[in-house]
Amino acid sequence: MAISEVKRLAQALSQEYNAANPDLAKCGQFLSQLKIALIELSYLTHEERPNNIEELTLARDVLEIGAQWSIRTKDIPSFERYMAQLQTYYNDHSALPASPLKYNLIGLNLLCLLSQNRISDFHTALETIDPEQLHNNPAIQHPVKLEQSLMEGSYNRVWSSRSEVPSKEYLFFIDILMDTIRNEIASCSEKAYTSLPLSDAGTLLFFTNMEDILNFAKERNWKVNPVEQKAYFHSDADEKINIPADQIIKQTMFYARDMDRIV
């Protein structure tokens with residue numbers, strides 16, 4: 001594909017993605033065509049890349065839209081692939097004009113790692129970030145503070161961070177984190193209590209409406225009493241334990257006879 005056609009497709013992708021109500025399926029088609037074209041032009045391979053600044057910037061911009069599109073389509077593996085390809089443009093091409101999306105996407109990548117509990121990878125990624133940006137950029141500070149809250153067990157700060165996101169894409173990964181947190185709280189509650197009022201369960205689990213509480217209770221196999229407005233938890237103590245009494249008695253008698261022979 002000629003570079004002129006690549007530019008035309010990239011412009012069409014940008015217009016569609018930035019529209020008020022973008023057609024994400026159409027954006028996906030544009031991205032598929034552009035990735036093939038960029039590979040053919042050696043922009044996404046490990047071969048020696050062209051040094052044309054305009055074309056390198058175009059390739060980077062396409063990848064940045066692809067990363068954002070992946071989040072909007074809830075495709076984490078796709079997001080990770082786009083971010084891996086962007087690292088070269090962010091780290092190895094200092095002559096490129098600065099991207100206004102760079103640190104927002106790096107922050108999203110940090111949050112992606114947190115949502116998958118990849119703490120070691122999270123800290124490795126932090127080491128590659130410019131110290132000034134690390135300490136002062138809101139897009140980077142948001143996942144850094146989230147990680148601190150998670151390590152301290154301050155889940156209420158994780159929940160309240162939804163109102164402080166640098167961009168709406170951050171909410172996708174925060175929701176994944178909250179799902180993990182809710183299941184952790186639910187597991188602890190099931191061990192600590194036999195039941196809880198639904199309102200208290202909602203407060204503990206950061207739910208704001210009854211429908212969400214009931215759906216979560218169903219997923220966890222809780223028994224909900226609508227009259228009492230309580231959720232009853234399944235307990236291991238409620239399970240009947242079958243003790244093979246006859247087998248144990250026979251085995252004990254066998255051991256006793258063996259001991260008599262030894263004596």
Tell me, please, which residues at least two apart from [X] pass side-chain hydrogen bond (donor to acceptor under 3.5 Å, both in side chains).
X	result
Glu152	Arg157
Arg72	none
His135	none

At their closest point, which heavy atom of [X] faces which heavy atom of [Y], and how far apart are they?
X	Y	answer
Gln141	Leu134	NE2-O, 2.7 Å
Gln133	Asn137	OE1-ND2, 2.7 Å
Lys230	Pro197	CG-CA, 4.0 Å
Val158	Ser161	O-OG, 2.5 Å
Pro226	Val224	CD-O, 3.3 Å
Pro166	Pro138	CG-O, 3.9 Å

Is there any salt bridge (Lys or Arg N to Asp or Glu O under 4.0 Å) pair reaching into residues 164-185, and which pairs are they, with sequence neighbours excluded?
-> Arg162-Asp175, Asp179-Arg182
Taking side chain as C-beta onward, heavy atoms only, is [X] less than 4.5 Å from [Y]?
X	Y	value
Ser14	Val62	no
Glu54	Thr57	no
Pro143	Tyr170	yes
Leu177	Gln116	no
Asn91	Thr128	no

What I want to check is whether the side chains of [X] and [Y] have a donor and an acceptor closer together than 3.5 Å.
X	Y	value
Glu16	Gln29	no
Ser78	Ser70	yes
Ser199	Gln229	no
Asp212	Asn215	no

In Å and rounded to the nearest 0.5 Å, what is the [atom1] to [atom2] distance from [X] to [Y]?
X	Y	atom1	atom2	result
Thr208	Glu211	OG1	CD	10.5 Å
Leu9	Leu58	CG	CG	10.0 Å
Leu113	Met83	CG	CE	9.5 Å
Leu205	Ile185	CG	CD1	6.0 Å
Leu146	Met151	CG	CE	10.5 Å
Leu31	Lys26	CG	NZ	13.0 Å

Evaluate side-chain contact (heavy atoms from CB on, under 4.5 Å) for Cys27 paired with Ile65, printing each intermediate quantity in order.
-> CA-CA 9 Å; Cys27 289; Ile65 291 177; over 6 Å; no
Taking Tyr89 for the side chain and Leu63 for the main chain, is one N or O donor matched with an acceptor at less than 3.5 Å?
-> no
If only atom types and distance count, is the side chain of Thr180 paired as donor or acceptor with the main-chain N or O of Ile176 below 3.5 Å?
-> yes
Residues in ring-ring contact (aromatic ring centres under 6.0 Å, His included) contact with [X], at least two apart in sequence or another chain:
X	answer
Phe207	Phe216
Trp69	none
Phe30	none
Tyr82	none

Report the residues that fulfil side chain to side chain contact (heavy atoms under 4.5 Å, CB included) with [X], sequence neighbours left out, ordered by chain and then residue number.
X	answer
Asn117	Ile119
Lys74	Phe172
Tyr193	Ser189, Leu196, Phe233

Please assess Leu214 against Leu198 for the test side-chain contact (heavy atoms from CB on, under 4.5 Å), listing each intermediate value before the final yes or no.
-> CA-CA 8 Å; Leu214 294 175; Leu198 291 175; 4.2 Å; yes
Joint hydrophobic cluster, Ile213 plus Tyr232, side-chain heavy atoms closer than 4.5 Å | no
Side chains of residues 100-112: which donor-acceptor pairs under 3.5 Å do they make with residues two or more places apart or in other chains?
from, atom 1, to, atom 2, distance (Å)
Asn104, OD1, Ser167, OG, 3.3
Asn104, ND2, Ser167, OG, 3.4

Steps toward side-chain contact (heavy atoms from CB on, under 4.5 Å) verdict (His123, Glu147) = CA-CA 10 Å; His123 287 285; Glu147 193 261 350; 3.1 Å; yes
May I ask you to decide if the ring planes of Phe79 and Phe173 are parallel, tilted or perpendicular, using 30° and 60° as cut-offs?
-> tilted
Flag if over 12 foreign heavy atoms under 6.0 Å of CD, Gln11 = no
Worked verdict on Asn52 versus Ile3 for side-chain contact (heavy atoms from CB on, under 4.5 Å) | CA-CA 11 Å; Asn52 185 296; Ile3 191 65; over 6 Å; no
